[in-house]
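Data block below; observations after.
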There are 2 protein chains.
Amino acid sequence: MFREGETAGRIYQLVHGRVMLYKLLPDGRRQVVEVIGPGGVFGITCLPIYDCSAETLVAVEVIAHERAAAEQSVDLSRELGAQVQAQFCAMHDHVVLLGRKSALERVASFVMHAVPGRGVFNCPGPPRDGGDSIDIPIGMTRHEIADYLGLTLETVSRVLSEFRRRGIVVTEGHDHLRVNDICQMCRLTGAHETTGTRSQGRSSETCAALTESA
Amino acid sequence: MFREGETAGRIYQLVHGRVMLYKLLPDGRRQVVEVIGPGGVFGITCLPIYDCSAETLVAVEVIAHERAAAEQSVDLSRELGAQVQAQFCAMHDHVVLLGRKSALERVASFVMHAVPGRGVFNCPGPPRDGGDSIDIPIGMTRHEIADYLGLTLETVSRVLSEFRRRGIVVTEGHDHLRVNDICQMCRLTGAHETTGTRSQGRSSETCAALTESA
DNA sequence: CGGGAATTTGACAGTGGTCAAGTGCCGTGG
DNA sequence: CCACGGCACTTGACCACTGTCAAATTCCCG
């Protein structure tokens with residue numbers, strides 16, 4: 001949709017679909033800095049140029065606001081502001097993932113975030129009534145996932161295979177997962193106590209819950 | 001100043017000093033998600049509770065805004081909004097650092113960001129007139145730096161020793177660095193072409209320049 | 001001039017990256 | 001409807017970088 005360095009004329013708000021924001025290092029290394037879902041805002045920058053590139057992951061519907069207008073309108077800036085707060089928190093979580101989590105924890109976190117009624121990390125108890133498995137359309141290639149999680153595509157593939165081996169997930173084609181044991185997956189994210197103490201309560205991955213629900 | 005999980009009643013704006021925002025995983029791993037300088041805003045969250053803890057690095061002076069008030073006032077939300085944009089970009093840069101840079105590049109980036117007239121990564125030519133060395137007060141322990149850069153304190157220490165060995169920096173006590181070859185340091189950040197092609201121009205670490213200057 | 005904490009340094013191990021084959025999925029064309 | 005080709009993915013072997021654990025050493029402060 002736009003590239004890092006282009007004149008930043010517009011701010012976009014996503015209605016449908018998913019968009020990925022990424023930055024490149026001069027030697028070609030790529031880091032996906034955000035994956036935007038419905039409601040999300042992108043094109044935000046403090047300079048006259050975009051600080052990262054935006055690419056669609058699927059067909060999308062967006063609302064484009066002229067940057068100047070967005071900063072004028074009170075209503076608009078209020079709405080965008082609320083959204084930005086959510087993304088701010090989501091990014092904090094992602095920084096923790098990149099800085100401190102193992103490959104296994106990163107992929108587990110990624111899968112948990114893709115769960116439809118997802119992100120609500122104060123685990124709403126055991127799975128949802130019964131042990132239903134949950135179907136997840138991934139919608140990103142291994143390469144994109146790797147660049148999002150700060151890994152290589154080989155490592156992502158290996159971890160998914162490990163989940164498969166443990167019976168936590170089942171693959172259905174390359175971009176569909178079926179999660180059999182959501183609780184186990186949740187535990188592997190590293191974001192929750194696994195030791196005896198029960199109902200400890202507070203989760204650090206707080207805001208993720210609101211990122212796409214707003 | 002406040003802890004992750006506490007009721008988020010206020011938004012703070014820093015006047016003097018430096019504040020560090022961090023999150024903890026249940027097993028004790030810590031990740032510093034932002035280091036806020038003068039002008040910076042913190043306490044932003046999309047939930048009724050803070051999503052991370054805030055701790056001062058030095059004595060600070062802050063302006064505290066009631067959260068409700070900040071969202072009402074047009075002027076205030078406009079000012080904070082501008083600041084948030086800058087921090088948004090800075091965080092994008094930091095995500096790239098955490099996801100894709102080597103230990104050496106991370107520490108080099110950290111040092112460059114600490115340079116007074118810093119962050120301006122479109123290298124304003126060679127050093128500043130002559131080869132003056134630049135003095136940098138670090139103001140963080142190795143442990144804090146490590147938790148910011150997603151490394152261990154030993155690795156940070158080793159990299160700084162390596163810089164010393166190469167003659168790029170000189171240590172003056174534990175929290176003062178003298179950078180002799182700022183250009184070399186800049187090159188080691190990984191954010192710039194090192195191959196022949198001259199004045200390529202565009203840097204990806206764009207917004208860092210404005211983070212603290214605003 | 002001590003005492004304790006922060007830092008440095010060393011030895012070693014493990015996670016994840018790199019390189020190189022395989023294998024499977026899917027769309028195209030026969 | 002089936003064969004083919006290409007790309008995405010998986011798997012394996014190996015290795016480098018960074019983490020871990022354990023001393024030394026330095027610095028800072030009383």
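In the text below, chain A, chain B and the rest are named by the order of the sequence lines, each starting its count at 1.
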Base, backbone or nothing for each nucleotide of nucleotides 13-20 of chain D, written B, S, -, heavy atoms under 4.0 angstrom, 5' to 3'? B----SSB

Where A:Q85 and B:T45 come nearest, the two heavy atoms and their spacing: OE1-O, 3.1 Å

Between A:R142 and A:H174, is there a donor-acceptor pair closer than 3.5 Å when you use the side chain of the first and the backbone of the second? yes

I need the NE2-C1' distance between A:H176 and D:dA8, as an integer number of Å. 16 Å

Heavy-atom pair of closest approach, residues B:G9 and B:Y50: N-OH, 3.5 Å

Ignoring hydrogens and angles, state whether a donor on the side chain of A:R164 or A:T171 is under 3.5 Å from an acceptor on the partner side chain. yes

In whole Å, what is the span from the CD1 atom of A:I145 to the C1' atom of D:dA8? 12 Å

How long is the line joining CG of B:L160 and C1' of C:dT9, in whole Å? 14 Å

Whole Å only: how far is the CD atom of A:E162 from the C1' atom of D:dG12? 15 Å

Considering only nitrogen or oxygen atoms on both sides, find all protein atoms under 3.5 Å from nucleotides 5-7 of chain C and state each distance.
from	atom 1	to	atom 2	distance (Å)
C:dT7	OP1	B:R142	N	3.4
C:dT7	OP2	B:R142	N	3.1

Assess, by modelled atom type and distance only, whether the side chains of B:K101 and B:S109 contain a donor and an acceptor separated by less than 3.5 Å. yes

Separation of A:R165 atom CZ from D:dG12 atom C1', in whole Å? 12 Å

Under a 3.5 Å cutoff, is there a donor and acceptor pairing between the side chains of A:Y22 and A:E55? yes

Check step by step if side-chain contact (heavy atoms from CB on, under 4.5 Å) holds for A:M91 and B:H92. CA-CA 9 Å; A:M91 216 157 18; B:H92 283 173; 3.4 Å; yes

Heavy-atom count around A:R10 CZ within 6.0 Å, excluding the residue itself: above 12? no

